[in-house]
Number of protein chains: 2
Amino acid sequence: MSVTIKKIAKDLNLAVSTVSKALRDSHEISAETKARVFEYAAKLDYIPNPYASSLKKGRSGNIAVVLPEVADSFFSAAINGIESIAHDKGYHTMVYLTHEDVQREQSIVREFRNGRVDGVLMSIVANDEKYEHLTELYANKIPLVFFDRVCESIETASVVTNDFDSAYAAAKHLIDQGSKRIAFLSMPGELAIIKHRHQGYTQALRDHALPERVVFCTDNEDENNAIIEQLLTASDRPDGIIGSIEKVTMPVYKICHAHRIAIPYDIKIIGFSHLQIASLLDPPLTTVTQPAFEMGKAAATILFKALEKKYNLKNERIIIPSVLNVRASTHTMSIENK
Amino acid sequence: MSVTIKKIAKDLNLAVSTVSKALRDSHEISAETKARVFEYAAKLDYIPNPYASSLKKGRSGNIAVVLPEVADSFFSAAINGIESIAHDKGYHTMVYLTHEDVQREQSIVREFRNGRVDGVLMSIVANDEKYEHLTELYANKIPLVFFDRVCESIETASVVTNDFDSAYAAAKHLIDQGSKRIAFLSMPGELAIIKHRHQGYTQALRDHALPERVVFCTDNEDENNAIIEQLLTASDRPDGIIGSIEKVTMPVYKICHAHRIAIPYDIKIIGFSHLQIASLLDPPLTTVTQPAFEMGKAAATILFKALEKKYNLKNERIIIPSVLNVRASTHTMSIENK
DNA sequence: TTGAAAGCGCTAACAA
DNA sequence: TTGTTAGCGCTTTCAA
């Protein structure tokens with residue numbers, strides 16, 4: 001049996017309400033009483049029951065972080081940023097993984113509508129226009145902040161990176177390095193990040209009058225390998241590749257190694273990735289690096305602003321730029337080795 | 001205002017208790033009434049308030065996962081394993097990061113003592129014998145399962161890997177490849193995993209009459225780089241390195257690249273690491289790979305067994321073996337390229 | 001400055 | 001089979 005306010009009140013010959021107020025340092029209570037209560041509570045190691053106060057106050061002190069997966073280094077870094085802010089604010093972080101499954105996302109989000117969490121941070125599943133669960137959440141007045149993968153049809157705050165510009169810069173970089181046949185490894189679904197990256201790629205290729213080529217990967221690793229193997233062993237093999245998300249880029253390396261396709265000589269590769277160890281790959285991978293930690297922090301900060309001040313979340317949009325790290329996978333002179 | 005049992009009861013002219021039982025599919029309630037209640041609840045999109053039932057039943061439906069960090073790929077994979085089991089069991093997963101800070105670990109764990117979570121999975125912070133917060137948690141009858149980094153002075157269940165044996169195997173492998181001066185990159189603190197790996201290393205070197213050399217790294221990246229740089233540029237440079245945890249191995253690669261120390265010719269490297277992309281490093285890194293996902297799953301499975309059946313957690317210990325993946329960083333013939 | 005009492009939404013013992 | 005009631009631990013009027 002754990003120690004409750006009731007027990008403290010009884011032992012100290014006070015009313016529960018007095019103890020409650022004293023613990024919250026209310027001005028209604030005399031300094032002397034407060035001191036007695038504090039001391040005794042500390043002695044008994046009193047820890048408030050979170051459910052009782054949540055029930056009463058209608059706030060849980062929890063936030064939800066909903067992610068497609070956590071193996072991806074981007075999301076690991078984001079959780080780091082989020083948890084650090086949440087902890088500072090005295091909130092607890094609940095993590096939910098959707099594994100790119102819309103149904104799972106729906107059932108997870110649905111449960112948020114009855115108070116388990118006070119606010120939600122999420123990066124949505126790639127899918128074709130199934131957003132009712134999100135609109136409902138939004139309608140239920142539960143603050144929602146998107147980061148990285150946003151749902152553009154819902155008018156709430158979001159933290160993103162400059163996907164169009166950085167994809168344009170990535171393609172431009174390949175073109176400058178002499179690539180003529182540049183393929184874009186995409187993913188099916190309606191993800192805004194993919195769409196914007198695709199658009200940036202397209203724009204750059206059109207600006208330079210080069211042919212576009214989009215290859216759709218999947219969530220299945222074996223299928224992906226097959227798709228990429230086919231791409232790289234065909235007669236019209238591209239001489240430049242842009243991997244739109246982290247997990248489509250690694251297979252390219254594997255297949256190139258397996259088939260002795262020389263990077264960057266036969267083919268140049270650039271990947272959207274947060275990988276710390278991109279520089280240690282063979283050869284070091286040129287990346288467009290998203291500021292994951294900062295994006296997580298920024299998203300959490302906005303969410304808490306909303307939670308604390310009943311601040312309105314409509315339409316705020318924070319853009320944190322990505323960085324192009326040029327390394328040997330796109331450059332025949334080793335540029336960077338650190 | 002969200003929909004409550006009270007509202008359903010009122011609208012349907014039933015008592016709240018009847019509705020409550022009906023929703024839980026109690027045999028006390030007639031099929032007809034149940035049908036009415038279910039239908040109406042579905043129509044109103046009723047979602048139970050988790051705090052009310054937690055308060056009443058004394059269970060939260062949450063578990064805590066306490067980790068040193070999440071950037072490490074081992075812990076990301078573990079979270080994956082844990083969350084997947086938790087979700088299947090209808091539990092929610094709260095994530096806490098200690099950032100290798102004992103004080104933070106203490107304050108986090110302390111809060112668990114009043115019901116916010118029903119059970120705890122943790123990988124402890126490396127520290128020198130400060131375990132009161134854990135003993136107290138254990139004394140409070142909150143089920144606790146350690147995974148990977150265990151606290152051996154507390155008699156509860158744990159899921160670990162065979163650290164001694166795999167460190168022995170790693171050292172033996174280097175010896176077989178011709179290394180004579182093998183250094184072990186350790187970490188300060190009292191972590192059992194480090195201790196066991198160290199012991200395995202020591203045993204192997206003694207068995208082969210080779211000199212031991214232990215180098216202590218730190219949590220600070222810059223300091224680490226300095227320590228390793230000194231190690232690798234001194235005249236008595238080792239010709240073999242065992243990195244005891246993931247984050248001490250990467251700097252070795254960087255420094256070797258920077259100083260043009262040829263792996264595996266000048267030095268052979270093997271690291272304890274869960275990295276998927278070890279095979280893509282330059283050169284591919286030989287690793288001792290821990291079964292992170294499986295360990296997370298196993299730990300969660302035990303915890304739920306304890307939560308559901310009041311099963312006793314004392315002393316159970318599951319050992320899931322690590323795997324030695326030989327790659328080019330320890331071997332002059334390329335063994336594996338996939 | 002302190003206390004009594006109501007109630008957050010739900011469950012469970014007991015009564016009808 | 002259904003309803004009444006008490007209460008989980010806490011906060012918050014309102015009264016003393």
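In what follows, every heavy atom counts, from backbone to side chain, and hydrogens, waters and symmetry copies are set aside.
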Could you tell me how far apart [X] ([atom1]) and [N] ([atom2]) are, to the nearest whole angstrom?
X: A:K57; N: C:dG9; atom1: NZ; atom2: P; value: 16 Å
X: A:Y51; N: D:dC10; atom1: OH; atom2: P; value: 13 Å
X: B:N114; N: D:dG9; atom1: CG; atom2: P; value: 9 Å
X: B:E28; N: D:dT4; atom1: CD; atom2: P; value: 16 Å
X: B:L55; N: C:dC10; atom1: CG; atom2: P; value: 12 Å
X: A:R59; N: D:dT12; atom1: CZ; atom2: P; value: 11 Å
X: B:K10; N: D:dG3; atom1: NZ; atom2: C1'; value: 18 Å
X: B:R116; N: D:dC10; atom1: CZ; atom2: P; value: 13 Å

Which nucleotide, D:dT13, D:dG9, D:dC8, lies nearest any side-chain atom of A:K21?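 So the side chain of A:K21 is nearest to D:dT13.
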Considering only D:dT12, C:dA4, C:dC8, which nucleotide approaches the side chain of A:A15 most closely?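 Closest nucleotide to the A:A15 side chain: C:dA4.
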Does any N or O donor sit under 3.5 Å from an N or O acceptor when you compare the side chain of B:S17 with the base of D:dG3?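 Such a pair is found, so the answer is yes.
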Donor-acceptor pair present, A:K56 side chain and C:dG7 base, under 3.5 Å: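 Yes.
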Under 3.5 Å donor-acceptor, [X] side chain and [Y] backbone:
X: B:E83; Y: A:L97; value: yes
X: B:Y138; Y: B:I154; value: no
X: B:S76; Y: A:S76; value: no
X: B:T156; Y: B:V145; value: no

May I ask you to decide whether A:E100 forms a salt bridge with A:R149, counting only side-chain N to carboxylate O separations under 4.0 Å?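 Judged by the 4.0 Å cut-off on N to carboxylate O distance, A:E100 and A:R149 do form a salt bridge.
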Among residues 31-50 of chain B, which residues get a heavy atom nearer than 4.0 Å to DNA chain D?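 The stretch gives B:T33 as the residues lying under 4.0 Å from the strand, ordered by number.
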Between B:T18 and D:dG3, is there a contact of a side-chain N or O with OP1 or OP2 at under 4.0 Å?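 So the side-chain polar atoms of B:T18 do come within 4.0 Å of the phosphate oxygens OP1 or OP2 of D:dG3, strictly under.
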Looking only at side-chain N and O atoms, does A:S20 come under 4.0 Å of OP1 or OP2 in D:dT11?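 Affirmative; the distance criterion is met.
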Report yes if some heavy atom in the side chain of [X] is under 4.5 Å from a heavy atom in the side chain of [Y]; otherwise report no.
X: A:I108; Y: A:E105; value: no
X: B:L12; Y: B:R36; value: yes
X: B:H133; Y: B:Q103; value: no
X: A:I302; Y: A:I318; value: yes

Would you mind reading off the bend of the helix from C:dT1-D:dA16 to C:dA16-D:dT1 from its two end axes, five pairs each, to 10 degrees?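 The end-segment axes of the helix from C:dT1-D:dA16 to C:dA16-D:dT1 are tilted 40° relative to each other.
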Could you pick out which residue, A:K6 or B:S30, lies toward the 5' side of DNA chain D when each is mapped onto its nearest nucleotide?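 Closest to the 5' end, via its nearest nucleotide, is B:S30.
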Only pairs at least two apart or in different chains count here, so list each ring-ring contact (aromatic ring centres under 6.0 Å, His included) that has a residue in residues 3-26 of chain A.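 Checked against ring-ring contact (aromatic ring centres under 6.0 Å, His included) - neighbours excluded - no pair reaches residues 3-26 of chain A.
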